[in-house]
Structures are given as C-alpha cells and as structure tokens.
Amino acid sequence: MLLEHEIAPCSRQCAVTGRPFGRGEVYFSELRIDHGVVLRRDFSAANWAGPSDGGIAWWRSRTPELDAARPKLAPQDVLLNLFAELDSQPLEAEFRYLLGLLLIRRRLVKLEETRCDASGQVLLLDCPRRNEQFELRVVEP
C-alpha cells in the first residue's frame with residue numbers, strides 16, 4: 001500500500017535540466033514506483049510534458065517566496081488588545097498565560113514582580129507602551 005512508503009520532499013531542482021527552482025516558481029512533481037520504492041521527480045513548468053505512463057501521482061506546486069517561510073505575527077497593539085480582553089474570560093486562562101509569556105519574550109511587557117496567593121502564582125506585568133499594569137495568573141497548559 002502506498003501509505004507505507006516515505007515520499008521525499010521537493011528536490012528544488014528540475015529532474016530534466018538540473019536547474020534549481022527560483023522563488024515563487026511553478027513546478028510539477030510526479031511519483032512512480034521503481035522496484036518497490038516510491039520515487040519523486042520534480043520538473044520545471046517548461047520541462048513538464050504531462051504525467052508519464054508509469055507515474056502513479058502528480059501535482060502542481062509553487063516554491064515559497066522569500067518571506068513566506070517566516071510566519072508573520074500579529075501587530076503589537078493587536079496582541080496587547082487580545083491579552084487585555086482575555087482577562088475577563090476565565091476559560092481562556094491557559095491561552096492568556098501563553099500569550100503573556102510571548103509578550104514578555106517580545107519585550108512588550110516587563111515582569112515586575114511575582115507573588116503567591118491562595119490560588120497560586122501571579123505575575124505582575126508592566127506595559128510601558130500603554131502605561132498599564134496587568135496581572136497574569138500562572139496556569140499549567
């Protein structure tokens with residue numbers, strides 16, 4: 001069964017010419033079985049003549065753009081607004097805690113103090129951007 005075989009990732013070069021694919025370039029990939037092994041071949045759009053007779057699958061893809069590999073985070077004000085809004089939603093305590101850690105890491109808030117109360121540990125965060133302080137309850141995700 002095909003699901004039991006490993007499929008190689010894109011070689012990022014044309015199987016016909018050996019030319020590397022450029023950023024954002026369209027290419028075609030084809031799978032075929034050779035002696036019980038699944039082989040993948042990638043073709044530039046110019047060298048793609050359609051699926052071969054021995055192929056078992058093919059698809060069209062595009063190489064990533066330069067900045068497509070890096071995820072884009074939300075703007076700082078959006079993250080701070082979400083963090084403040086989640087304070088009134090106790091069911092989102094785990095998410096708010098993780099978001100608070102992200103805000104500390106991105107230096108949008110600064111850890112001022114840690115204290116313990118009857119319910120557990122609480123972090124006091126200072127946000128110089130908004131001139132506000134937040135309390136963040138430590139919650140095990």
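- Partners of E132 under the salt bridge (charged side-chain N to carboxylate O under 4.0 Å, His left out) rule, at least two apart in sequence or in another chain, are R130.
- Screening residues 8-23 for salt bridge (charged side-chain N to carboxylate O under 4.0 Å, His left out), with sequence neighbours left out, gives R19-E25.
- Taking A49 as the reference, nothing meets the side chain to side chain contact (heavy atoms under 4.5 Å, CB included) condition, with sequence neighbours excluded.
- Between E135 and R115 there is a salt bridge, with a side-chain nitrogen of the basic residue lying less than 4.0 Å from a carboxylate oxygen of the acidic one.
- In the hydrophobic clustering, where aliphatic and aromatic side chains (Ile, Leu, Val, Met, Phe, Trp, Tyr) are joined below 4.5 Å either directly or transitively, Y27 groups with F21.
- Every residue meeting the salt bridge (charged side-chain N to carboxylate O under 4.0 Å, His left out) condition with D77, not counting sequence neighbours, appears here in chain and number order: R129.
- Among pairs with a residue in residues 92-131, none fulfils ring pair (Phe, Tyr, Trp, His ring centres under 6.0 Å), at least two apart in sequence or across chains.
- Residues satisfying the salt bridge (charged side-chain N to carboxylate O under 4.0 Å, His left out) test with R41, not counting sequence neighbours, are none.
- Evaluation of the salt bridge (charged side-chain N to carboxylate O under 4.0 Å, His left out) rule for D117 yields R137 as partners, not counting sequence neighbours.
- Under the 4.5 Å side-chain heavy-atom criterion for Ile, Leu, Val, Met, Phe, Trp and Tyr, L124 and V109 are members of distinct hydrophobic clusters.
- Evaluation of the side chain to side chain donor-acceptor pair (under 3.5 Å) rule for D53 yields no partner, not counting sequence neighbours.
- Through direct or relayed side-chain contacts under 4.5 Å between Ile, Leu, Val, Met, Phe, Trp and Tyr, W48 connects to V16, V26, F28, F43, W58.
- Two residues are said to be in side-chain contact when any heavy atoms from C-beta on lie closer than 4.5 Å; L82 and L86 meet this criterion.
- Between L103 and L79 the shortest side-chain heavy-atom distance falls below 4.5 Å.
- By the criterion of side-chain heavy atoms lying less than 4.5 angstrom apart, applied directly or through intervening Ile, Leu, Val, Met, Phe, Trp or Tyr residues, L111 is grouped together with L101 in one hydrophobic cluster.
- No donor-acceptor pair under 3.5 Å is formed between the side chain of T17 and the backbone N or O of C14.
- Remark: R32 engages E30, L39, S52 in a side chain to side chain contact (heavy atoms under 4.5 Å, CB included) (not counting sequence neighbours).
- Residues forming a side chain to side chain donor-acceptor pair (under 3.5 Å) with S29 (at least two apart in sequence, or on another chain): R40, D42.
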